[in-house]
Number of protein chains: 2
Amino acid sequence: MASEKRQKAIDLSHHLSYVSRARTTSPLKGLSKYMGRPGLISLAGGMPSETYFPFETVSADVLVPDSFTLKETGQESGISWFWKLFARSNKPKTAPVSIPKFPEAPGDVNLAVALQYGTATGIPQLQKFIKDFVDKVYQPAYSDYSILVQTGNTDGWSRVMQTIMNPGEGFLTEEWTYPSAVSASKPFGMHPVPVAMDKDGMSSIDLRKVLSEWDETVRGCRRPHVMYTVPVGQNPCGSTMGATRKKEIYDVCVEYDVIIVEDDPYFFLQQGDYVPKTDRGSESASHLNDEDWLSSLDPSYLKFDYEGRVIRLDTFSKYIAPGSRLGWHTCNPLFAERLERQGETSAQAPCGFGQSLVTQLLMTWKYDGYIRWLHGLAVQYKARRDFFIDCLADEFHFEPSSSEISFWKGCQVFDAYPKQSGKRLFMSEKGLGTKLFSFVPPSSGMFIWIQIHFENHPTYRSRHADEPDERLEMQLWTKIAEAGVLVSPGWFFAADTENPPTDEVEGHFRISFSNSDFESLKKAVHVFSKCTKDFFKA
Amino acid sequence: MASEKRQKAIDLSHHLSYVSRARTTSPLKGLSKYMGRPGLISLAGGMPSETYFPFETVSADVLVPDSFTLKETGQESGISWFWKLFARSNKPKTAPVSIPKFPEAPGDVNLAVALQYGTATGIPQLQKFIKDFVDKVYQPAYSDYSILVQTGNTDGWSRVMQTIMNPGEGFLTEEWTYPSAVSASKPFGMHPVPVAMDKDGMSSIDLRKVLSEWDETVRGCRRPHVMYTVPVGQNPCGSTMGATRKKEIYDVCVEYDVIIVEDDPYFFLQQGDYVPKTDRGSESASHLNDEDWLSSLDPSYLKFDYEGRVIRLDTFSKYIAPGSRLGWHTCNPLFAERLERQGETSAQAPCGFGQSLVTQLLMTWKYDGYIRWLHGLAVQYKARRDFFIDCLADEFHFEPSSSEISFWKGCQVFDAYPKQSGKRLFMSEKGLGTKLFSFVPPSSGMFIWIQIHFENHPTYRSRHADEPDERLEMQLWTKIAEAGVLVSPGWFFAADTENPPTDEVEGHFRISFSNSDFESLKKAVHVFSKCTKDFFKA
């Protein structure tokens with residue numbers, strides 16, 4: 001397979017920013033040819049003696065890779081299993097891992113190295129694990145790609161932005177997107193250029209349209225040469241971009257010489273279509289083994305990246321813990337070298353405690369164990385999504401419909417109406433009363449994106465045109481917050497907050513089903529339901 | 001004492017950079033008023049469930065605070081004690097610390113919080129410890145200062161630079177300085193403006209001269225409004241700036257409205273004057289208890305900062321471990337808020353593994369224990385400095401002299417000559433032969449700064465004027481490296497590498513005595529001695 005791969009990516013050096021070009025290689029690099037020589041005594045760096053590190057050993061009890069079942073449990077059994085696993089009387093199964101100050105065998109992860117000053121590329125054992133993982137899981141289309149650790153994808157994007165973009169430039173992104181990606185760019189005079197979406201995520205047709213019709217004099221800046229995208233578990237919409245669309249987008253990016261920054265924290269949280277509870281009973285156990293599950297996932301852009309124009313951002317935040325502040329870039333060696341220089345003058349390397357503990361965990365679990373762990377989490381999140389939508393179905397009457405709204409084009413949309421008391425209807429006859437909100441069940445990630453039909457609110461038509469439209473969104477949001485449930489208001493996620501994606505007046509909420517226990521999720525849905533119904537009565 | 005302090009710093013908002021002003025508050029901040037309400041269910045963030053963190057407990061064996069003796073041991077006993085302590089048969093005394101996933105009592109450091117997404121201000125227990133520490137140790141002159149964690153002082157300076165400087169601006173700094181501080185600034189079009197030094201560090205007279213004579217048309221940029229300084233254990237020169245000079249510099253900065261960035265990693269490594277070995281015997285034990293030792297240290301700029309114009313950078317790199325990638329800013333609340341926003345779009349918070357382990361260590365040691373630990377390290381580094389200079393004295397003949405070179409003005413300089421075989425001279429009659437190098441024993445920090453007298457090299461006078469002067473420096477450097485010892489070439493440390501501080505042709509080395517064991521230090525000095533003597537014979 002390696003023989004099919006290109007050995008070299010094309011020359012993309014013209015994408016480097018002025019700032020990035022001006023970064024000098026650390027002068028200490030000149031010393032590197034001597035490093036590692038047997039018997040070398042280095043008096044060059046400002047390194048404390050390792051004997052002064054107060055940590056003699058760092059240890060941990062870690063969950064075993066198969067801690068989470070692959071059975072796709074239903075709602076009730078989901079709860080009971082969940083509580084059973086974590087009840088104090090029934091402690092989860094753990095294994096001990098330990099990191100000594102000095103290695104006991106060559107190649108051991110050890111504190112003397114991990115807690116000393118290190119290179120911005122990370123500790124070697126972690127680099128090796130990641131490289132092997134990327135090879136097997138993402139299968140990049142060229143072989144000499146580089147791996148570079150960072151402190152999470154927000155840092156990853158910040159570094160990329162400063163490495164390949166100049167002040168004043170725009171970057172292509174989904175019309176609804178991750179707010180921190182936009183916040184990070186604006187102070188540098190960079191700005192998002194929204195591209196429309198449909199059910200598969202960013203539209204390749206609209207992308208081509210934006211690029212081909214770009215008029216520098218009208219737009220006030222050069223045609224964007226960078227794209228920021230969350231293709232899986234799209235934040236906030238929850239869509240999943242498959243191989244076909246990725247290839248289409250990639251081809252447009254080749255044609256217009258665009259670098260794709262693939263921010264992909266939810267890759268392993270692909271969940272497939274939502275199947276209503278009543279139709280789910282029969283297939284309660286996952287029929288896939290780990291390998292088949294992995295093959296079933298929609299691939300990364302790296303798989304099609306024969307030119308080396310993809311910078312992929314991976315993070316351990318969603319699979320190990322956000323506090324690990326650890327992730328990595330996968331990209332061509334030219335960009336990786338510049339990103340490394342930038343790392344050296346910011347956080348330097350990620351924290352050695354985090355690096356060594358995560359590395360030791362992964363080396364204990366091994367590749368197969370980590371895949372099993374990821375598979376277990378994927379099943380958990382699918383169960384969470386299903387449970388959350390089941391709870392909504394308990395509170396509202398759903399009608400299937402379709403929508404002309406960009407990000408739902410081609411999807412089956414669920415319209416929610418107040419439920420007639422006593423009846424537990426699902427997908428049945430036309431509902432009565434007010435259409436309150438609509439949504440499409442997410443196919444990956446952590447969020448449900450809900451469109452609230454404020455146009456059906458009693459005060460809506462009597463409101464003055466000069467009143468800000470989002471006021472109803474924030475009014476309902478506040479009502480729900482006061483009742484004890486926090487969701488995210490939709491306006492946070494507009495790529496262009498001054499010119500939101502549609503000229504329609506509906507508001508949105510992004511609701512996360514990833515964190516709370518099942519009982520709280522159920523309670524939260526009830527609070528949301530009560531507040532929303534009350535609000536529309538007003 | 002608190003009543004003497006000003007409650008508010010003066011308005012310094014005009015120092016904020018364009019980039020910093022443009023940073024928006026995270027939209028999620030709007031949710032913060034609801035956070036922490038009892039029973040709140042948050043479905044707002046993209047947080048994984050804590051039950052999915054694979055770490056159930058993280059533990060460590062940590063050294064006890066009095067692991068390092070306060071006895072100022074001589075050379076031989078230093079070695080033997082050192083080896084005795086760390087010999088495998090005589091394990092160091094440790095105490096266990098442990099961080100559970102969920103708190104067992106309110107206020108416990110726990111993984112559920114530390115490994116979750118957190119604020120860029122750090123975990124509350126760490127913030128509290130640091131605030132108490134800063135209050136007691138640095139005693140800032142105003143009371144409403146802020147503490148903000150960062151990932152080490154390189155990150156700290158990078159953030160500050162982007163918060164209070166615009167592209168094209170210069171910053172005042174010592175003529176020899178920390179190379180990464182310069183490397184971080186250059187890509188943004190910022191540049192160091194060197195200020196001369198004397199034995200107390202940066203010269204207040206030269207500072208005033210640079211500022212008062214500033215001519216924007218000649219210099220091509222506005223008068224600097226930022227100073228970057230390493231006042232203690234000045235890197236690379238090793239000088240220590242006392243209270244008097246700091247007050248002078250502070251007053252000049254008030255007059256010219258300059259913000260002082262005090263990068264102070266070596267504060268607790270103040271070592272006092274070097275006393276030759278032969279004169280040291282009598283006072284082999286430190287007569288200071290921890291409190292008196294702390295009071296004996298030259299104070300931070302914070303102590304004089306009645307206007308809030310100091311941004312102090314502290315790091316755990318030299319006292320816990322560089323790999324902790326953890327430190328903090330102490331500054332006025334206005335700057336702190338902007339620095340926090342910048343943190344949110346880069347590394348977010350420092351790593352939760354590192355934060356929780358360091359916090360648990362500090363909470364176990366308590367304030368008094370940590371001060372004892374720092375005192376122990378200070379004694380260690382003093383012993384290391386003394387040992388290293390003793391080793392040099394074994395290899396070379398020293399003559400006291402004085403120097404007109406800026407950074408040694410007013411110091412007693414040691415000139416080194418080849419030692420006549422068999423004789424062990426120290427500060428005796430005029431040496432014979434070639435003056436090889438000069439140095440001033442550092443009064444703090446980790447480094448000895450050595451000036452090599454290449455003007456006495458046989459080929460020096462016959463060299464062509466167009467040959468780069470640094471070639472002899474790099475020739476000797478390479479010779480020493482090839483012989484198995486790495487030191488840092490002096491040119492790394494010139495604030496302005498294109499126009500080095502003097503027009504003299506001598507080269508320099510910065511040699512670190514902080515890391516290697518005593519035996520290796522002795523061996524390294526021998527290699528340095530042999531190579532240097534050989535080199536000057538060539």
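For chain B, no part of A/Leu111 is nearby; none of its heavy atoms comes within less than 4.5 Å. Neither the backbone nor the side chain of A/Trp157 comes within contact range of chain B; no heavy atoms are under 4.5 Å apart. Looking at A/Pro350, only its backbone comes within 4.5 Å of chain B, counting heavy atoms on both sides. Using a 4.5 Å cut-off between heavy atoms, A/Ala524 touches chain B through backbone and side chain atoms alike. Heavy-atom distances place both the backbone and the side chain of A/Ile511 under 4.5 Å from chain B. With a 4.5 Å cut-off on non-hydrogen atoms, A/Tyr319 touches chain B through its backbone but not through its side chain. No part of B/Leu326 comes within reach of chain A, as not one of its non-hydrogen atoms sits under 4.5 angstrom from that chain. The contact between A/Phe447 and chain B is made entirely by side chain atoms (from C-beta outward), counting heavy-atom distances below 4.5 Å. If you measure heavy-atom distances from A/Leu361 to chain B, the contacts under 4.5 Å come from the side chain alone. Looking at A/Ser17, neither its backbone nor its side chain comes within 4.5 Å of chain B, counting heavy atoms on both sides. Heavy-atom distances place no part of A/Phe528 under 4.5 Å from chain B, backbone and side chain included. Contacts of B/Pro167 with chain A are absent, with no heavy-atom separation under 4.5 Å from either backbone or side chain. When heavy atoms are compared at a cutoff of 4.5 Å, A/Phe316 does not approach chain B at all. Looking at A/Ser324, the atoms closer than 4.5 Å to chain B (heavy atoms on both sides) sit in the backbone and in the side chain alike. Looking at B/Phe493, there are no atoms closer than 4.5 Å to chain A (heavy atoms on both sides), in backbone or side chain.
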### Query
Could you walk me through whether A/Gln380 and B/Ser49 pass the side-chain contact (heavy atoms from CB on, under 4.5 Å) check?
CA-CA 10 Å; A/Gln380 280 290 309; B/Ser49 165; over 6 Å; no

### Message
Checking B/Thr154 against A/Glu344 for the side-chain contact (heavy atoms from CB on, under 4.5 Å) test, could you report, in this order, the C-alpha distance in whole Å, the side-chain angles of both residues, the deciding distance, and whether it holds?
### Response
CA-CA 8 Å; B/Thr154 303; A/Glu344 285 166 359; over 6 Å; no

### Query
Yes or no on side-chain hydrogen bond (donor to acceptor under 3.5 Å, both in side chains) for B/Thr94 and A/Glu56, after CA distance, side-chain angles and deciding distance?
CA-CA 8 Å; B/Thr94 60; A/Glu56 286 295 299; over 6 Å; no

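Put simply, of A/Cys351, A/Ser185, A/Ala22, A/Ala483, the one with the most heavy-atom pairs under 4.5 Å next to chain B is A/Cys351. Between chain A and the options B/Pro96, B/Gly189, B/Ala481, B/Gly323, the largest number of non-hydrogen pairs under 4.5 Å is found for B/Gly323. If you tally non-hydrogen atom pairs under 4.5 Å between each of A/Leu115, A/Val97, A/Asp155, A/Val113 and chain B, the highest count goes to A/Leu115. The residue among B/Ala347, B/Gly354, B/Ala184, B/Gly352 with the most heavy atom pairs within less than 4.5 Å of chain A is B/Ala347. Of the listed residues (B/Ala321, B/Pro48, B/Pro54), the one with the most heavy-atom contacts under 4.5 Å to chain A is B/Pro54. Counting heavy-atom pairs closer than 4.5 Å to chain B, the top residue among A/Ser158, A/Ala349, A/Gly484, A/Gly156 is A/Gly484. When each of B/Arg23, B/Arg325, B/Gln162 is checked for heavy-atom pairs under 4.5 Å with chain A, B/Arg325 comes out on top. Among the candidates B/Asn235, B/Ile320, B/Val62, B/Val58, the residue making the largest number of heavy-atom pairs closer than 4.5 Å to chain A is B/Ile320. Interface summary for chain B: among A/Ala114, A/Gly376, A/Ser20, A/Ser317, the most heavy-atom pairs under 4.5 angstrom belong to A/Ser317. Of the listed residues (B/Gly445, B/Pro38, B/Ala60), the one with the most heavy-atom contacts under 4.5 Å to chain A is B/Ala60.
A donor-acceptor pair is defined here as one N or O able to donate and one able to accept, closer than 3.5 Å; such a pair exists between the side chain of A/Ser488 and the backbone of B/Ala44. Panel note: side chain B/Ser514, backbone A/Met47; a donor-acceptor pair is recorded below 3.5 Å. Under a 3.5 Å cut-off, the side chain of A/Ser512 and the backbone N or O of B/Gly45 do form a donor-acceptor pair. Panel note: side chain B/Ser180, backbone A/Thr345; no donor-acceptor pair is recorded below 3.5 Å.
Every residue two or more places apart in sequence or in another chain that forms a salt bridge (Lys or Arg N to Asp or Glu O under 4.0 Å) with A/Arg37 is listed here: B/Glu482.
Between A/Phe55 and B/Asp61, every side-chain heavy-atom pair lies at or beyond the 4.5 Å cut-off. By the 4.5 Å heavy-atom criterion applied to side chains, B/Lys186 and A/Thr24 are not counted as neighbours. Within the 4.5 Å cutoff, the side chain of B/Gln348 has no heavy atoms near those of the A/Thr151 side chain. At a threshold of 4.5 Å between non-hydrogen side-chain atoms, the residues B/Arg510 and A/Leu43 do not count as touching.
A pairwise comparison of heavy atoms in B/Ser516 and A/Ser42 identifies OG-O, 3.9 Å as the closest pair. For B/Phe53 against A/Leu63, the heavy-atom pair with the smallest separation is O-CD1, 3.8 Å. Heavy-atom minimum distance, A/Lys318 versus B/Gly46: NZ-O, 2.7 Å. Scanning all heavy atoms of the two residues, the minimum distance from A/Thr478 to B/Tyr34 falls at CG2-OH, 3.5 Å. Across all their heavy atoms, B/Val485 and A/Leu40 have their closest contact at N-CD1, 4.4 Å. Taking all atoms of both residues into account, the shortest heavy-atom contact from B/Val19 to A/Pro187 is O-CB, 3.3 Å.
Taking the six-membered ring wherever Trp is involved, the centroid distance between the rings of B/Tyr52 and A/Trp373 does not fall below 6.0 Å.
How far CD1 of B/Ile41 is from CD1 of A/Ile480: 12.0 Å, rounded to the nearest 0.5 Å.
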